[in-house]
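Just below is one structure, and these are the notes that go with it.
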Amino acid sequence: MSQVEWDMDNDAEEKPFNMNYMRRMFTYLAPYRKLMTWVVIIVLINMLLSLSEPIILAYIIDKGIMDKKYSVIILLSSVLLGIKLIGWLFGWMHTKWINFTGQRILFDLRQQLFNHLQTLTFRFFDGRPAGKIMSRITNDTNAIGELINGGLITIVMEVTHLVGIVIILFWMDWQLALLSFIMLPLLYFIVAKLRPKIEGSWSRSRSTMSAINGNLNETIQGIRVIQAFSRQETNNEKFNGINNRNKQAFMRAIKLESMVYPLVEMVGMLGTCIVVWYGAIRVIDHAITLGFIMAFINYLWRFWGPLSALSKVYSQLLSAMASAERIFEVLDAEPEVKNSVHARVLPPIRGEVAFDNVSFRYEEHKPDVLHNVSFHVKPGQRVALVGPTGAGKSTIVNLLMRFYDSTGGAVRIDGMDVKEATLDSLRKQMGIVLQDSFIFAGTVEQNMRYGNEEATEEQLIEAGKSVRLDQVVAQLSDGYQTELEERGSKLSVGQRQLLAFGRVLLSDPRILILDEATSSVDTETEQHIQEALQTLLAGRTAFIIAHRLSTIKDADLILVVEDGRIAEQGSHEALMKHGGIYSNLVLTQLSMQESVILQSSS
């Protein structure tokens, strides 16, 4: 995969802060607003208790220490201790509740993403590496979770602290308060300069992490090919480049973020020094007391503290915003194939299929890959689709399954346009076996029941016998309860195909599609599969995409597809007599088989 493809998300890096994404993130708090209301109440009470501490400290200095009244010191010190204990209790409560809420929101968001991904059509997945999609559900949701768990409560706490402190400072001495805030314009200037750079850096960091996941997924899926061609070193260099870009993006984001906190601290120190200087003069002139200026400086330090904390949360917010953009990109992707407003349940079908002048293109501005395709299949007929690679055979069956919708004409089953049927009622009456059938992690039985969880054990065993799967199961340590790894890696290609046949037979479809289902197996396994097919195809309408003559010659109808059109159609005997494209394909295949036999004999 080229570097351009790996970095396909970079076009969104320099987008400005998007308040719509921010509002959408907070909508996930709505189901937990009662709990969040209690958290806010606890935080406000805690804030009021905390803000009372400097005033109490001022009284201890002025009325206790300066007047040498030990009873005042003991009493007010006890009050301070009580405030600290209550603050610890409230802090424990809000931390527990906010983390609970954060995890629930993460659960909801991940579930929504996962559910939505399963509704999206093949076109969405065709142009995106699996690793990048996985990154949305893992890394990007985690970034939002970190903001909710840590950043959200910090924002609530520190903003309320800031408001309370500003009110108290002006109440205590408005002149000192104005002098305290003389450095705020400088602080605003610093943040305004750094903000766009930090936004871009965090977005770049998320994008490169997504590229790492995409490359890693491709490497794991293609490890056999990589090792077969000894491409480890080249692959290491590619991953090193992507990994290095991620490191550089992350380090730049951290570097910019780490500048904010010290700068805020420095600005705060300058403002505090000015207040200390002016306050000291007024204390010497007996205009204010020592306790008063100590309390004022304490509040001032508490003012700069929240600003420093908010500067850290701001970087966390930008990181979450970069992730939110990527998550909402997925959530906003509309499935191109979905139930229409007036869709109705497809009743049990007989299996009649008709294509009426069907055309199709994969992208709007690209040429058609199917051109006015028309044919009619009676219930129970076997249809073979033959033709060169890329002719449009798989596209025809994809339209029948409604993995895509035709751009022209109509696909009908028992006279009903498939677009008028609900997807569930359509696909539950159809079955498909691919060239590389996907086997899920789990037991053999669980894979068999994938299309029909309600099947009885007798039905399952009978289905296994019908497709010769019982011979495979007999060789496994725990029979049908044998645990299979992802993609059925412990099984041979032929064994996986037999399991796929058993799975589709147990689901009892009325229309069956075999897309190159026997092309990757050896001759002996193909013989078993051909025997299994007799049971599998009995009484069902079947569409068979194949190149082997043994698979297609007994079909009731053969469709020869060339350049997106039906070039020829008819039975094997009729097409051989016709002497056209199909006849040439058969004769070429027979000639190749004879050459192989002669070479083997010699």
Side-chain angles (χ1 to χ4, degrees), residues 121-122 337 339-340 343-360 368-387 391-434 451 501 504-505 507-517 533-546 551-562 564-572 574-575 582:
T121 42
F122 287 1
V337 177
N339 293 330
S340 66
R344 60 184 190 273
V345 174
L346 183 67
I349 61 174
R350 295 177 295 113
E352 181 184 8
V353 175
F355 272 54
D356 296 331
N357 294 314
V358 172
S359 297
F360 176 73
D368 286 355
V369 294
L370 289 182
H371 309 273
N372 301 317
V373 172
S374 295
F375 60 84
H376 180 262
V377 180
K378 297 176 182 178
Q381 279 192 321
R382 300 181 189 181
V383 182
L385 297 167
V386 299
K393 304 184 295 296
S394 294
T395 303
I396 289 174
V397 296
N398 283 338
L399 294 179
L400 182 59
M401 290 285 294
R402 269 202 86 191
F403 291 144
Y404 300 94
D405 274 337
S406 61
T407 51
V411 179
R412 305 181 195 280
I413 294 178
D414 288 0
M416 180 178 179
D417 193 324
V418 294
K419 293 180 182 178
E420 297 175 2
T422 62
L423 288 170
D424 280 349
S425 65
L426 171 69
R427 291 174 181 167
K428 282 183 177 179
Q429 300 190 66
M430 303 176 75
I432 186 168
V433 180
L434 304 173
F501 279 129
V504 77
L505 178 61
S507 67
D508 193 25
R510 301 311 307 151
I511 297 176
L512 179 63
I513 296 169
L514 305 178
D515 191 348
E516 301 282 8
L533 280 175
Q534 301 309 312
T535 304
L536 191 61
L537 300 178
R540 295 181 173 86
T541 303
F543 287 80
I544 305 168
I545 299 176
T551 308
I552 61 179
K553 66 179 181 179
D554 295 328
D556 300 304
L557 175 65
I558 297 172
L559 302 176
V560 182
V561 186
E562 188 175 57
R565 293 179 171 84
I566 303 297
E568 297 174 357
Q569 57 179 303
S571 66
H572 171 74
L575 292 176
Y582 177 77

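Computed from a predicted model, the values in this text were never measured in an experiment.
When side chains are defined from C-beta on, Tyr404 does not count as touching Thr395, because their heavy atoms never get closer than 4.5 Å. Val383 places none of its side-chain heavy atoms less than 4.5 Å from the side chain of Ile544. In this structure, Ile545 and Val397 have side chains that are in contact, with non-hydrogen atoms separated by less than 4.5 Å. A heavy-atom distance below 4.5 Å is not found between the side chains of Asp556 and Ser571.
Under the 3.5 Å distance criterion, the side-chain polar atoms of Asp417 are left unmatched by any main-chain donor or acceptor of Ala410. Put simply, the side chain of Asn398 never gets that close to the backbone of Phe403: no donor and acceptor are under 3.5 Å apart. With Glu568 contributing its side chain and Tyr582 its backbone, the two residues share a donor-acceptor pair below 3.5 Å. No donor-acceptor pair closer than 3.5 Å links the side chain of Glu562 to the backbone N or O of Gly392. Side-chain atoms of Lys419 come within 3.5 Å of backbone atoms of Ser406 as a donor-acceptor pair (strictly under, hydrogens ignored). Judged purely by atom type and a 3.5 angstrom limit, Gln381 has no side-chain atom pairing as donor or acceptor with the backbone of Leu557.
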message = Set out, in order, the CA-CA distance, both residues' side-chain angles and the distance that settles side chain to side chain contact (heavy atoms under 4.5 Å, CB included) for Val386 and Val561, then state yes or no.
response = CA-CA 6 Å; Val386 299; Val561 186; over 6 Å; no

query = Can Glu352 and His376 be said to form a side chain to side chain contact (heavy atoms under 4.5 Å, CB included), step by step?
reply = CA-CA 8 Å; Glu352 181 184 8; His376 180 262; 2.7 Å; yes

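To the nearest 0.5 Å, the span separating CZ on Arg427 from CD1 on Ile432 amounts to 10.5 Å. Rounded to the nearest 0.5 Å, atoms NZ (Lys428) and CG (Asp508) are 14.0 Å apart. For the atom pair CD1 (Ile558) and CG (Leu385), the distance works out to 10.0 Å, reported to the nearest 0.5 Å. Atoms CE and CD1, from Met416 and Ile349 in turn, are 11.0 Å apart once rounded to the nearest 0.5 Å. The CD1 atom of Ile511 sits 10.5 Å away from the CZ atom of Arg350 when rounded to the nearest 0.5 Å.
Closest of all the heavy-atom pairs between Leu399 and Val418 is O-CG2, 4.5 Å. For the residue pair Thr422 and Val345, the shortest heavy atom distance occurs at OG1-CA, 3.9 Å. Residue Thr541 comes nearest to Lys378 through the heavy atom pair OG1-O, 3.9 Å, listed as atom of the first residue, atom of the second, then distance. Taking both residues in full, the closest heavy atoms of Leu400 and Met430 are given as CG-CE, 3.4 Å, listed atom of the first, atom of the second, then distance. Annotation for Pro347 and Gln429: closest pair O-NE2, 3.1 Å, computed over non-hydrogen atoms. Smallest separation of non-hydrogen atoms from Ile513 and Met401: CD1-CG, 3.5 Å.
Arg344 and Glu420 are joined by a salt bridge, as a carboxylate oxygen and a charged side-chain nitrogen come within less than 4.0 angstrom of each other. A salt bridge does not link Lys393 with Asp515: none of the charged nitrogens is closer than 4.0 Å to a carboxylate oxygen. Salt-bridge annotation for Asp405 and Arg402: present, with a side-chain N of the basic residue lying under 4.0 Å from a carboxylate O of the acidic one.
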Could you list the donor-acceptor pairs under 3.5 angstrom formed by side chains in residues 353-360, with sequence neighbours left out?
residue, atom, partner, partner atom, Å
Asp356, OD2, Arg412, NE, 2.8
Asn357, OD1, Ser374, OG, 3.3
Ser359, OG, Asn372, N, 3.1

